[in-house]
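Just so it is clear, the values below take in all heavy atoms, side chains as well, and ignore hydrogens, waters and symmetry mates. Model, not experiment: these values are computed from the prediction. Counting begins at 1 with the first residue of the sequence.
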Amino acid sequence: MSSSVPADDAIFPPMELSDEERQQLISNYESVLEKSRAIGGSTIHVLPVSKTKHPELIKSLLPTCTTFGENYVQELCDKMSWFESQSLSIKFCFIGSLQSNKINKLAKEGKHSLLRIDTVSSEKVINKLSTSLKNNEWTRNLGICLQIDTSLEDSKSGIPYTDVEQIKSLIDLISEKDNLDYKGLMTIGAPGDSTCFDRLKLIFDEVGGEVLSMGMSGDFEEAIEKGSNEVRVGSTVFGKRDYPVKTN
Ligand SMILES: *Cc1c(COP(=O)(O)O)cnc(C)c1O
């Protein structure tokens with residue numbers, strides 16, 4: 001472990017939370033977990049999505065929950081160093097869109113806390129990630145989920161769900177890398193269109209994996225009914241996102 005550095009107050013100004021506020025966050029999380037498991041059973045995983053949220057809020061959920069989803073590379077790295085500066089153990093899954101020029105930063109700064117990247121959809125990114133982990137001397141494997149575009153709307157990223165051959169070939173490529181572990185599939189889907197979940201479940205049944213990540217605050221229960229085993233829930237746990245979303 002690198003030696004601790006002081007937290008950067010300019011990035012995350014100190015925040016005081018009352019016991020009530022902390023308890024509220026825990027009960028928000030537990031309520032999502034309960035609802036999820038009532039439908040899908042005890043193996044359903046809830047990934048609280050903490051983008052734009054102050055690390056003190058995330059800290060309130062430790063150790064009840066130890067893994068969180070983040071969308072922006074810079075923000076994720078800032079949070080990883082905040083937790084490191086407090087000697088707190090935490091894990092993150094990266095669920096944002098991954099630009100190739102940010103991979104090296106993730107590989108460098110994610111060494112201790114980055115568990116998985118859920119938004120991989122190209123050969124180029126897989127190769128670059130693997131090389132970058134090697135260059136940064138990772139001593140464990142990084143988990144990878146492939147992001148699948150299940151709606152084929154212009155705005156969605158991921159491998160088109162219609163291209164099952166491409167999905168299989170990227171799974172093979174990941175398996176060839178000795179520092180990457182294929183974990184499963186994730187999709188965002190079109191809001192209100194649960195056939196997206198059906199499409200991904202069919203593919204998941206065909207290609208296999210541990211993680212089938214689909215469903216967010218507005219539709220996690222429906223996603224679980226459709227076979228999801230991991231839901232990514234942000235606003236229902238942490239409240240409405242309250243400062244402008246960064247673009248990095
Ligand atoms: C922000 C985000 C979420 C969480 O969204 P909520 O609607 O707040 O639950 C889930 N998945 C991805 C990929 C996200 O970017």
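- In terms of modelled atom types and a separation under 3.5 Å, the side chain of Glu56 and the main chain of Pro14 share no donor-acceptor contact.
- Note on Leu57 and Leu47: separate hydrophobic clusters, where clusters join Ile, Leu, Val, Met, Phe, Trp and Tyr whose side-chain heavy atoms are under 4.5 Å apart, directly or indirectly.
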Does Asp178 form a side chain to side chain contact (heavy atoms under 4.5 Å, CB included) with Lys134? I'd like the steps, not just the answer. CA-CA 10 Å; Asp178 56 13; Lys134 208 165 286 161; 4.2 Å; yes
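- Closest heavy-atom contact between Leu33 and Ile44: CD1-O, 4.4 Å.
- Side chains of Met80 and Glu70 form no contact here, defined as non-hydrogen atoms less than 4.5 Å apart.
- Shown here for Phe204 and Gly209, the closest heavy-atom pair between the two residues is CZ-O, 3.2 Å.
- The only option from Ser60, Cys65, Pro48 that meets the side-chain contact (heavy atoms from CB on, under 4.5 Å) definition with Leu25 turns out to be Ser60.
- A donor-acceptor contact shorter than 3.5 Å is absent between the side chain of Asp205 and the backbone of Leu202.
- With hydrogens and angles disregarded, no donor-acceptor distance shorter than 3.5 Å links the side chain of Arg232 to the backbone of Val49.
- In this structure, Phe94 is a member of the same hydrophobic cluster as Leu146, with clusters built from ILVMFWY side-chain heavy atoms closer than 4.5 Å.
- Residue-environment remark: CD (Glu123) stays at or below the threshold of 12 foreign heavy atoms within 6.0 Å.
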Mind running side chain to side chain contact (heavy atoms under 4.5 Å, CB included) on Asn127 and Leu173 for me, showing each step along the way? CA-CA 9 Å; Asn127 287 327; Leu173 181 63; 4.0 Å; yes
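- Under the 4.0 Å criterion applied to side-chain N and carboxylate O atoms, Lys168 and Asp172 are not assigned as salt-bridge partners.
- Thr67 and Cys93 get closest at one heavy-atom pair: CG2-SG, 3.9 Å.
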Test side chain to side chain contact (heavy atoms under 4.5 Å, CB included) on Lys51 and Leu76; report intermediate values, then the result. CA-CA 8 Å; Lys51 62 171 175 257; Leu76 168 60; over 6 Å; no
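- For Thr187 and Thr150, the side-chain atoms include at least one donor-acceptor pair closer than 3.5 Å.
- Phe92 and Phe68 have tilted rings, their planes meeting at an angle from 30° to 60° on a 0 to 90° scale.
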Show, in sequence, the C-alpha distance, side-chain angles and deciding distance for Glu225 and Ile39, and conclude whether the side chain to side chain contact (heavy atoms under 4.5 Å, CB included) test is met. CA-CA 7 Å; Glu225 280 162 12; Ile39 303 167; 3.7 Å; yes
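- Residue Met186 is not grouped with residue Ile174 when hydrophobic side chains (ILVMFWY) are merged at heavy-atom distances under 4.5 angstrom, including chains of intermediate members.
- Considering all non-hydrogen atoms of both residues, Gly215 and Phe197 come closest at N-CE2, 4.0 Å.
- The main-chain N or O of Trp82 is found under 3.5 Å from a side-chain atom of Ser85 such that the two form a donor-acceptor pair.
- With respect to Glu230 and Lys183, no salt bridge is recorded, no charged nitrogen being found less than 4.0 Å from a carboxylate O.
- At least one side-chain heavy atom of Gln23 sits less than 4.5 Å from a side-chain heavy atom of Ile26.
- The cluster map of Ile, Leu, Val, Met, Phe, Trp and Tyr, joined by side-chain heavy atoms under 4.5 Å apart, puts Leu142 and Leu98 in the same cluster.
- At least one donor-acceptor pair under 3.5 Å links the side chain of His54 to the backbone N or O of Pro13.
- Distance check, rounded to the nearest 0.5 Å: CG of Leu185 to CG of Asp118 gives 10.5 Å.
- Considering CG of Asp149 and OG of Ser151, their distance stands at 5.0 Å, rounded to 0.5 Å.
- The structure places CD of Glu109 at 7.0 Å from OG of Ser81, a figure rounded to the nearest 0.5 Å.
- Under a 3.5 Å cut-off, the side chain of Lys128 and the backbone N or O of Ser100 do form a donor-acceptor pair.
- Cluster annotation: Met216 and Leu61 are assigned to distinct hydrophobic clusters (Ile/Leu/Val/Met/Phe/Trp/Tyr, side-chain heavy-atom contacts under 4.5 Å, transitive).
- With rounding to the nearest 0.5 angstrom, the CD1 atom of Ile117 is 12.5 Å from the CD1 atom of Ile95.
- Listed for the Tyr182 side chain is a donor-acceptor partner under 3.5 Å among the backbone atoms of Gly208.
- Closest of all the heavy-atom pairs between Lys201 and Gly227 is CE-CA, 3.8 Å.
- Rounded to the nearest 0.5 angstrom, Leu170 CG and Ile159 CD1 are separated by 4.5 Å.
- One N or O on the side chain of Arg140 and one on the backbone of Lys111 form a donor-acceptor pair closer than 3.5 Å.
- Remark: the backbone N or O of Ser50 is paired with a side-chain donor or acceptor of Lys79 at under 3.5 angstrom.
- The CG atom of Asn104 lies 3.5 Å from the OG atom of Ser132; values are rounded to the nearest 0.5 Å.
- A donor-acceptor pair under 3.5 Å is absent between the side-chain atoms of Asn136 and the main chain of Trp138, judged by distance alone.
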